[in-house]
Amino acid sequence: MANNAVTAKSRAISGKLLTRDDYTSLLHKNSVGAVAGALKTRPLYADAFADINEAAIHRAQAEQLIERSVFNTYMRVSRFSASGKNSIMSFYIRRIESEQLIKAVTAIASGSQESFMFSFPEYVTEHICYDPIAVASAKSLSGLADILAGTPYRRPLTEMLRADSPDINRIITAVNVCYIKWAFARINECSSGKERQLLKDFFLRKTDADNLLMCLRTVSAFGLEPDRINELLIPYHKRLRQKEIDEALKLADPVPALLEMFVTERIATAQVSDIPEVNVNASEYRYFRHRLAVSSNETESLYSLMMLLKTESTNLFRIIEGIRYGLPPEETEKYLIMQ
């Protein structure tokens, strides 16, 4: 019964996601306040934006309210899970935890700890394994290593954090690897058989995409050597193989071969944009909409809903950012993933 309730509620929420027409309307708003006013009328965001002053709201505040709305929505649905909210919600919480730690690392490295603390989603504080105030108080990355004592991040990150010249990209990769290792252990605990492999495939699809995008970005923007690029890759794969990456990186111009791999390895199945990230994200969005539509498994339904909500919040962040910086609507629209 709980299984059916979770799947039904997840599908009902997906039916309330913003449509292409909704996004078109938001793209043509002339202020962050106008976007906030429009979100007041949307069922997934009405409660969070109900009492805001449209004339005074700023970008960071709007983004925090969107994040809070998504969190509360997911919490409500997870309560109907037969395995309890601590099972599937733990994936969501741990993802937020790792993302915020990455933000903290970059903030400390740039001396902008205050900005990290200002943007931290306080409603997750009781759910994560480190103290965000202590993290924000770190004077250096070396000091952060001590603050992470007693957490799963201490051992894999300490040597890199205490290096004379910390490599931020390698640290980010290590945090992501921590999350995936934890997720696989959790999946092994709470699932079996077909469900277990399906959940692992969700993560492996993303690591394939992240690794290929990392290769493309580093080759195109920085011209890094293959050995250096390999240090930044996540050591998990679904279809993409290290041998294929190595062969592409040996070419005089690796970019065409890397772009081709998005299609041959089924990382992006349709060319909807000239921007690789958009093709990947559009393919993922279609995939999780399909999984939610056909699944009768509550864990799969909740995970698919999580990914759809994440896509929508990212779209809204891009729209708000575009308006904040006066970008033409058509420029922002290039990066949106729409139904």
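Here Leu251 is tied to no hydrophobic group at all, with no ILVMFWY side chain closer than 4.5 Å. In the hydrophobic clustering (ILVMFWY side chains linked at under 4.5 Å, chained through shared members), Phe118 stands by itself.
Here Glu122 pairs with Arg68 in a salt bridge; the nearest charged N to carboxylate O distance falls below 4.0 Å. With respect to the salt-bridge test (charged N to carboxylate O, under 4.0 angstrom), the residues Glu189 and Arg186 qualify. Using a cutoff of 4.0 Å between basic side-chain nitrogens and carboxylate oxygens, Arg239 and Asp208 are not scored as salt-bridged. Between Arg241 and Glu244 no salt bridge is recorded (no basic side-chain N to carboxylate O distance below 4.0 Å).
Between Val32 and Glu321 the shortest side-chain heavy-atom distance does not fall below 4.5 Å. Here the side chains of Phe262 and Asn279 are not in contact, with every heavy-atom distance at 4.5 Å or above. Under the 4.5 Å side-chain criterion, counting only non-hydrogen atoms from C-beta, Asn281 is not in contact with Thr314. At least one side-chain heavy atom of Ile13 sits under 4.5 Å from a side-chain heavy atom of Thr73. With contacts defined as side-chain heavy-atom distances shorter than 4.5 Å, the pair Ser191/Thr299 does not qualify. Between His237 and Thr207, the closest side-chain pair of non-hydrogen atoms is not below 4.5 Å. Contact check for Pro132 versus Met117: side-chain heavy atoms found under the 4.5 Å cut-off. Between Glu312 and Phe317, every side-chain heavy-atom pair lies at or beyond the 4.5 Å cut-off.
A search for salt bridge (Lys or Arg N to Asp or Glu O under 4.0 Å) contacts involving Lys9 returns nothing, not counting sequence neighbours. Partners of Tyr123 according to the ring-ring contact (aromatic ring centres under 6.0 Å, His included) rule, which considers only residues two or more places apart in sequence or in another chain, are Phe71. Val70 is linked by a side-chain contact (heavy atoms from CB on, under 4.5 Å) to Tyr92, Leu309, Ser313, counting only residues two or more places apart in sequence or in another chain. For Phe116, the ring-ring contact (aromatic ring centres under 6.0 Å, His included) partners are Phe120, not counting sequence neighbours. By the ring-ring contact (aromatic ring centres under 6.0 Å, His included) test, Tyr179 is found to be paired with Phe203, residues two or more places apart in sequence or in another chain being considered. Under the salt bridge (Lys or Arg N to Asp or Glu O under 4.0 Å) criterion, Glu331 pairs with Lys334, not counting sequence neighbours.
Put simply, CD on Gln61 and CG on Asn53 are 9.0 Å apart, with the number rounded to the nearest 0.5 Å. Put simply, CZ on Arg95 and CD1 on Ile93 are 9.5 Å apart, with the number rounded to the nearest 0.5 Å. Once rounded to the nearest 0.5 Å, the distance linking CD1 of Ile57 with CG of Leu65 reads 5.5 Å. Distance CG/Leu259 to OG1/Thr264: 11.0 Å, rounded to 0.5 Å. With rounding to the nearest 0.5 Å, the separation of CD1 in Ile267 from CD in Glu284 is 9.5 Å. Taking CG of Leu305 as the start and OG of Ser14 as the end, the distance is 7.0 Å to the nearest 0.5 Å.
For Asp253, the CG atom counts as densely surrounded, since its 6.0 Å shell holds more than 12 non-hydrogen atoms of other residues, nucleotides or ligands. Taking a 6.0 Å sphere around CD1 of Ile133, one finds it holds 12 or fewer heavy atoms contributed by other residues, nucleotides or ligands. Within a 6.0 Å radius of CZ in Arg324, no more than 12 heavy atoms belonging to other residues, nucleotides or ligands are found. Around the CD atom of Glu114, the shell of radius 6.0 Å holds no more than 12 heavy atoms that belong to other residues, nucleotides or ligands.
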Exercise answer: donor-acceptor pairs, residues 229-236 side-chain atoms, under 3.5 Å, sequence neighbours excluded:
unit_1	atom_1	unit_2	atom_2	d
Asn230	OD1	Gln242	NE2	2.8
Asn230	ND2	Pro226	O	3.3
Asn230	ND2	Asp246	OD1	3.4

Extract all donor-acceptor atom pairs below 3.5 Å that involve side chains of residues 157-165 and protein atoms in other chains or at least two apart in sequence.
unit_1	atom_1	unit_2	atom_2	d
Thr158	OG1	Arg154	O	2.5
Thr158	OG1	Arg154	NE	3.1
Arg162	NH2	Asp146	OD1	2.4

Stepwise, does the salt bridge (Lys or Arg N to Asp or Glu O under 4.0 Å) test hold for Glu247 with Lys250?
CA-CA 5 Å; Glu247 289 175 352; Lys250 289 176 184 176; over 6 Å; no
Test side-chain hydrogen bond (donor to acceptor under 3.5 Å, both in side chains) on Tyr287 and Arg291; report intermediate values, then the result.
CA-CA 6 Å; Tyr287 174 76; Arg291 294 314 314 169; 4.6 Å; no
Walk me through it: do Asp201 and Arg196 pass the test salt bridge (Lys or Arg N to Asp or Glu O under 4.0 Å)?
CA-CA 9 Å; Asp201 283 350; Arg196 176 182 292 174; over 6 Å; no
CA sep, side-chain torsions, deciding dist, call: Glu99, Lys310, salt bridge (Lys or Arg N to Asp or Glu O under 4.0 Å):
CA-CA 13 Å; Glu99 288 176 348; Lys310 180 175 174 57; 3.3 Å; yes
Can you check side-chain hydrogen bond (donor to acceptor under 3.5 Å, both in side chains) on Lys194 and Asn297, steps first, answer last?
CA-CA 11 Å; Lys194 184 178 178 181; Asn297 178 282; over 6 Å; no
Tell me, with the steps shown, if Ser110 and Ser112 meet side-chain hydrogen bond (donor to acceptor under 3.5 Å, both in side chains).
CA-CA 6 Å; Ser110 62; Ser112 56; 2.8 Å; yes
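Legend: salt bridge (Lys or Arg N to Asp or Glu O under 4.0 Å) pairs involving residues 258-282, not counting sequence neighbours, sorted by first then second residue: Arg217-Glu277. Legend: side chain to side chain donor-acceptor pair (under 3.5 Å) pairs involving residues 24-39, not counting sequence neighbours: none detected.
Note: Phe288 and Tyr303 have tilted aromatic rings, judged against thresholds of 30 and 60 degrees for the angle between ring planes.
Linking ILVMFWY side-chain heavy atoms closer than 4.5 Å, directly or via other members, places Ile66 and Leu27 in a single hydrophobic cluster.
Scanning all heavy atoms of the two residues, the minimum distance from Ile168 to Ala109 falls at CD1-CB, 3.6 Å.
With Tyr45 as the aromatic partner, Lys40 does not meet the cation-pi criteria of under 6.0 angstrom to the ring centre and within 45 degrees of the ring axis.
Aromatic ring centres of Phe91 and Trp182: separated by under 6.0 Å.
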